[in-house]
Amino acid sequence: KAGVTQTPRYLIKTRGQQVTLSCSPISGHRSVSWYQQTPGQGLQFLFEYFSETQRNKGNFPGRFSGRQFSNSRSEMNVSTLELGDSALYLCASSPGFGGGGTDTQYFGPGTRLTVL
Amino acid sequence: AQKITQTQPGMFVQEKEAVTLDCTYDTSDQSYGLFWYKQPSSGEMIFLIYQGYYDEQNATEGRYSLNFQKARKSANLVISASQLGDSAMYFCAMRELLSNTGNQFYFGTGTSLTVIP
């Protein structure tokens with residue numbers, strides 16, 4: 001099975017712009033979660049989508065949004081970029097049904113966003 | 001309160017030796033899962049091993065084993081016969097199965113492991 005793919009891998013934007021990141025989960029997985037990783041804050045949960053519905057959301061401002069399509073692919077959008085949004089954005093997929101080990105999250109390579 | 005605590009920011013180990021990376025967790029959920037991930041400098045998070053709260057035996061996956069002590073709420077990762085390719089950041093994570101948090105994982109701050117030749 002192909003793994004989780006994320007595009008683009010690298011992105012440079014300027015303050016005030018918006019950005020859209022894409023994630024394609026492992027075939028058959030219906031849950032997609034997004035995390036932001038920075039040196040100062042570590043790994044922080046952004047949101048999770050399951051069957052096109054947001055199932056949970058982390059403590060991020062409304063500038064961060066996401067969606068999931070019927071084929072389970074997911075996008076996240078950040079509007080009005082700030083310098084502090086520079087981070088590695090990781091997407092993780094899992095089956096999304098059960099508990100425990102059956103819902104192990106498998107991560108993509110990440111998108112490294114730099115805001116100038 | 002932190003859900004996952006990793007108290008070792010950096011660790012060094014000699015090649016071919018074993019090393020233990022510490023992880024303690026905090027949850028009031030009666031049902032949870034514990035995970036370890038490896039993150040090389042490339043950035044991708046690689047799943048290593050899983051331990052369910054209900055597992056009486058410690059999980060093992062090749063050179064990785066998890067020293068699970070439920071009463072102490074600890075889930076330490078043991079890497080045996082360290083290899084140079086084991087040099088990376090290691091993250092402990094938890095999923096609470098009964099709370100209304102979907103599939104949210106809580107991560108620790110990580111431990112940077114360096115394997116010395």
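Here the structure is a predicted model, which is why all the values come from computation and not from measurement. In what follows, chains are A, B, ... by sequence order, proteins preceding strands, each numbered from 1.
- Comparing A/Gly108, A/Gly58, A/Ala92, A/Gly110 by how many heavy-atom pairs each has under 4.5 Å with chain B, the most go to A/Gly108.
- Taken together through direct or relayed side-chain contacts under 4.5 Å among Ile, Leu, Val, Met, Phe, Trp and Tyr, B/Tyr64 and B/Ile4 form part of one hydrophobic cluster.
- Summarising the geometry, atom CZ belonging to B/Arg95 is positioned 9.0 Å from atom OG belonging to A/Ser33; distances are rounded to the nearest 0.5 Å.
- Note: the hydrophobic cluster containing B/Val78 does not contain B/Phe68 (ILVMFWY, side chain heavy atoms under 4.5 Å, direct or indirect links).
- Checking side-chain atoms of B/Tyr37 against main-chain N and O of A/Tyr106 turns up no donor-acceptor pair under 3.5 Å.
- For NZ of B/Lys16, the number of neighbouring non-hydrogen atoms (other residues, nucleotides, ligands) closer than 6.0 Å is 12 at most.
- There is no path of hydrophobic side-chain contacts, each under 4.5 Å, that joins A/Leu43 to A/Phe47.
- Here A/Thr104 contributes atom OG1 and B/Leu48 contributes atom CG; the two are 11.0 Å apart, rounded to the nearest 0.5 Å.
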Starting from the C-alpha separation in whole Å, work towards a yes-or-no answer on side chain to side chain contact (heavy atoms under 4.5 Å, CB included) for B/Gln39 and A/Leu88. CA-CA 12 Å; B/Gln39 187 178 42; A/Leu88 179 66; 3.9 Å; yes
List the steps and the verdict of side chain to side chain contact (heavy atoms under 4.5 Å, CB included) for B/Phe91 and A/Gln37. CA-CA 12 Å; B/Phe91 291 92; A/Gln37 186 177 26; 3.5 Å; yes
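- With a 4.5 Å cut-off on non-hydrogen atoms, B/Phe105 touches chain A through its backbone and its side chain both.
- Annotation: A/Asn59, atom CG; neighbour count of heavy atoms from other residues, nucleotides and ligands within 6.0 Å does not exceed 12.
- The CG atom of A/Asp103 sits 9.5 Å away from the OH atom of B/Tyr50 when rounded to the nearest 0.5 Å.
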Could you walk me through whether A/Leu90 and B/Glu44 pass the side chain to side chain contact (heavy atoms under 4.5 Å, CB included) test, one step at a time? CA-CA 8 Å; A/Leu90 291 162; B/Glu44 184 168 356; over 6 Å; no
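- Using a 4.5 Å cut-off between heavy atoms, B/Tyr53 does not touch chain A at all.
- For the atom pair B/Gln104 CD and A/Tyr35 OH, the distance stands at 6.5 Å (nearest 0.5 Å).
- More than 12 non-hydrogen atoms from other residues, nucleotides or ligands lie less than 6.0 angstrom from CZ of B/Arg63.
- Residues B/Phe47 and A/Gln105 share a closest heavy-atom pair of CB-O, 4.5 Å.
- Under a 4.5 Å side-chain heavy-atom criterion applied to ILVMFWY residues, the cluster that includes B/Phe12 comprises B/Ile116 as well.
- Summarising the local packing, CD of B/Gln2 is surrounded by 12 or fewer heavy atoms from other residues, nucleotides or ligands at distances under 6.0 Å.
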